[in-house]
Amino acid sequence: MSESIIVCKEVHKWFGNFHALKGVGMEVKKGEVVVIFGPSGSGKSTFIRTINRLEEHQRGTIIVDGIELTHDIRNIAAIRSEIGMVFQQFNLFPHLTVMQNITLAPIWVHKWPKDKAEEIAMQLLERVGIPEQAHKYPGQLSGGQQQRVAIARALAMQPKIMLFDEPTSALDPEMIKEVLDVMAELAKSGMTMLVVTHEMGFARAVADRMFFFDQGQIVESGSPEDIFKKPKEERTKLFLSQILSH
Amino acid sequence: MERAESSSIKPPVTSLGVLGWLRANLFSSWINSLLTILTLILIYFFGRVLVIWSVREANWSAVTNNLGVLTWGRYPNTEVWRLGVSLILIVLMGVLTWVQWSRQENQRSRPVLLAGWLMMPFVLTILIRGITMPTFRTIINNIGYYIVHPDVLIALDQTWRANAALTLTGLLAGASWMIFQKRRSRILTNVGALVVLALMVPLSTLSQPWIFGLRTPMAIPMLLTFGLCLLIGRAVGRSFTNMVGRAHVLGAIWMISLPIVVIVLTTFEVGNEAVDPVEALMIVPPNIWSGILLTLSLSVVSIAASFPIGVLLALGRRSSLPVVKGFSILFIELVRGVPLISILFMAQVMLPLFLPLGVNIDRVLRAMAGMILFTAAYLAEIVRGGLQAVRNEQVEAARALGLNEFLVTSLVVLPQALRAVIPPIMGQFVSIFKDTSLVAIVGLLDVLAVGQSVIKAREYLGAVREIYLFAGLFYFVFSYAMSQASRRLEARLGVVESE
């Protein structure tokens, strides 16, 4: 058995008086693909954002690869360097070319020489299937292409874990597949992944485990088989029936 | 198939020709035609008056005869070539930058250009203000005077000093021969010894009584001393070859003794406190800068110096540190609450209060300081607007990549924020350029003030219009160039911003 690379215990988070996370606990093993789903406002995005400290948790512990997430800036930096993140709105830097977007962090954080960073960036662009776009600006690309650049940008830091925060929700339908294909390939290569998504086809095919979030809590978890064939909780059943029916 | 068909249909003709353009733009309706004709009549009457006046009546000699005074004012005529060289330098750098900009693929010369621009302030200051260069000998003399007490050294004659220095250097070099193994240490040793020997060259030609009153050039006893000490040093060094850390000890001795040797050797004139520094370029204090020179240097300095300060203030205002934030807000609001004229007066009157007694800052520099602070406060507010336009998601994406807060700000937030506010920033620059004319109130002679003094001269007494037209034209040309540059910059940096 490989050990857990992410350990979360009793994670609480409040936005003002709103209790967004109510004691979430989760352990993720190395190489596991975890899909998190649930209605909007259920805290699933907030939860994965606490893992790389884009949101601060107020109670409980989060340990990533043996490093506990505290107020210590060094711990936060160390954890962020092990985690790549892909956002719903891509969040590419509009003033930089695709190549510069990807090489920015390796050059400034890892201090790689420019040549090495660009070489690796080209490999990643080939991996996500758009090497010919290297010298365009994000604004010149389609949404699907931008999201694939965002994945390449996160991978360039050679993270051990990838977080995906609704990576296909802002995409036109015909572009969803190209992004999901890249993610499936990434999962096959053994990357540890936490994916917040409503793409149940992707979850069924790729996920090792699924977590259903509602009202800041994990309502149910299990293998895709269990969740889709015999969900135990009423809320899970109801939600699945709603998103699978259309 | 479909594509081929649709592309075979030609787009409608959109170019109109001169007549078509006229009809479409100037005479599209009866009211437009009326306005066009009225405007043409107005232009004709005003233009006619202006042309007739400037050809028949105007006394342009007031401008042409005083072009020098208007341009560089009281700058010494013999030194005006330095302004010319400065201008050529600026134009050259501008052209090089422009060429670099229009070629996108080759970015190799970029760091060179950047370094060039960073050096420009120093080069221009030296060129325009002038510089005094202490000679190597002056420096050494002064150091020697303060370190080695002159009363002791004065008794030592050159022969003694030379031999002492040679003995020490020879011993050390000999020991190094045996002890230093690293290539770098050996090279440094050789360089050090060569420096000492080079300093001997002027001494070595002196002829001195030596053995039995024989007069020979100093070179002979010096070489003998050096050779002997080299051998002794070598023998001493060999006896230490087993000592731990010998190389470090010897290195330390070298570092201490080399400066002493150099100082002892070169302070021939100990006791004469200093040989006067040489004025390499005659000093022209900013106090007497005037005319276009003053206007341009005031604006360039205020623009170049206020920009970084303004950016820092804008960042400071958004900082989470209460002291930094409080200071930034206080500064910005204070300065923005006061008119430029009173800031200029305060810079003249108040600034000396904050300086140590006896330090007297040039009046032009005081005006510059006032204008820099004034512009910085306004820029800070403009840049703050730009910072607010950068979405927080950009910051999150940068943080998630592991960039620290400094890198997030300087690589992701600021570039986007500044792009968004190029037009108002350039507007502020144009405005401060025109506001330099206010320094006349504190007694400085900018181009307008020089013009006014020209009018007061008896021979040009009536030439008010000519002088003011000239000044107006000067301001217009530069302001227009600046706004054109701003539009170029926008077009260049703004294309990619579409998401």
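Below, all heavy atoms of this structure are taken into account, side chains as well, without hydrogens, waters or symmetry copies. Chain letters run A, B, ... following the sequence lines, proteins first, then strands; residues in each count from 1.
- Only the side chain of B:Leu407 comes within contact range of chain A, judged by heavy atoms closer than 4.5 Å.
- Dense packing is recorded around CZ of B:Arg336, with more than 12 heavy atoms of other residues, nucleotides or ligands lying under 6.0 Å away.
- For the pair A:His95 (side chain) and B:Leu411 (backbone), a donor-acceptor distance under 3.5 Å is present.
- Here the straight-line distance linking atom CD1 of A:Ile73 with atom CG of B:Asn404 works out to 9.0 Å at 0.5 Å rounding.
- With B:Glu396 contributing its side chain and A:Asn91 its backbone, the two residues share no donor-acceptor pair below 3.5 Å.
- Within 6.0 Å of the CH2 atom in A:Trp112, the count of heavy atoms belonging to other residues, nucleotides or ligands exceeds 12.
- Along residues 77-84 of chain A, the residues that come nearer than 4.5 angstrom to chain B, judged on non-hydrogen atoms, are A:Arg80, A:Ile83 in order of number.
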- Task: Apply side-chain contact (heavy atoms from CB on, under 4.5 Å) to A:Leu104 and B:Leu403, showing your working.
- Result: CA-CA 9 Å; A:Leu104 185 79; B:Leu403 299 179; 3.9 Å; yes
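- Residues B:Leu401 and A:Ala154 share a closest heavy-atom pair of CD2-CA, 4.3 Å.
- Crowding of A:Trp14 atom CH2: a count of heavy atoms from other residues, nucleotides or ligands under 6.0 Å exceeding 12.
- With a 4.5 Å cut-off on non-hydrogen atoms, A:Phe87 touches chain B through its side chain but not through its backbone.
- Considering all non-hydrogen atoms of both residues, B:Gly402 and A:Val109 come closest at O-CG2, 3.6 Å.
- Within the 4.5 angstrom heavy-atom criterion, atoms from both the backbone and the side chain of A:Arg153 approach chain B.
- Within 6.0 Å of CZ on A:Phe15 lie more than 12 heavy atoms contributed by other residues, nucleotides or ligands.
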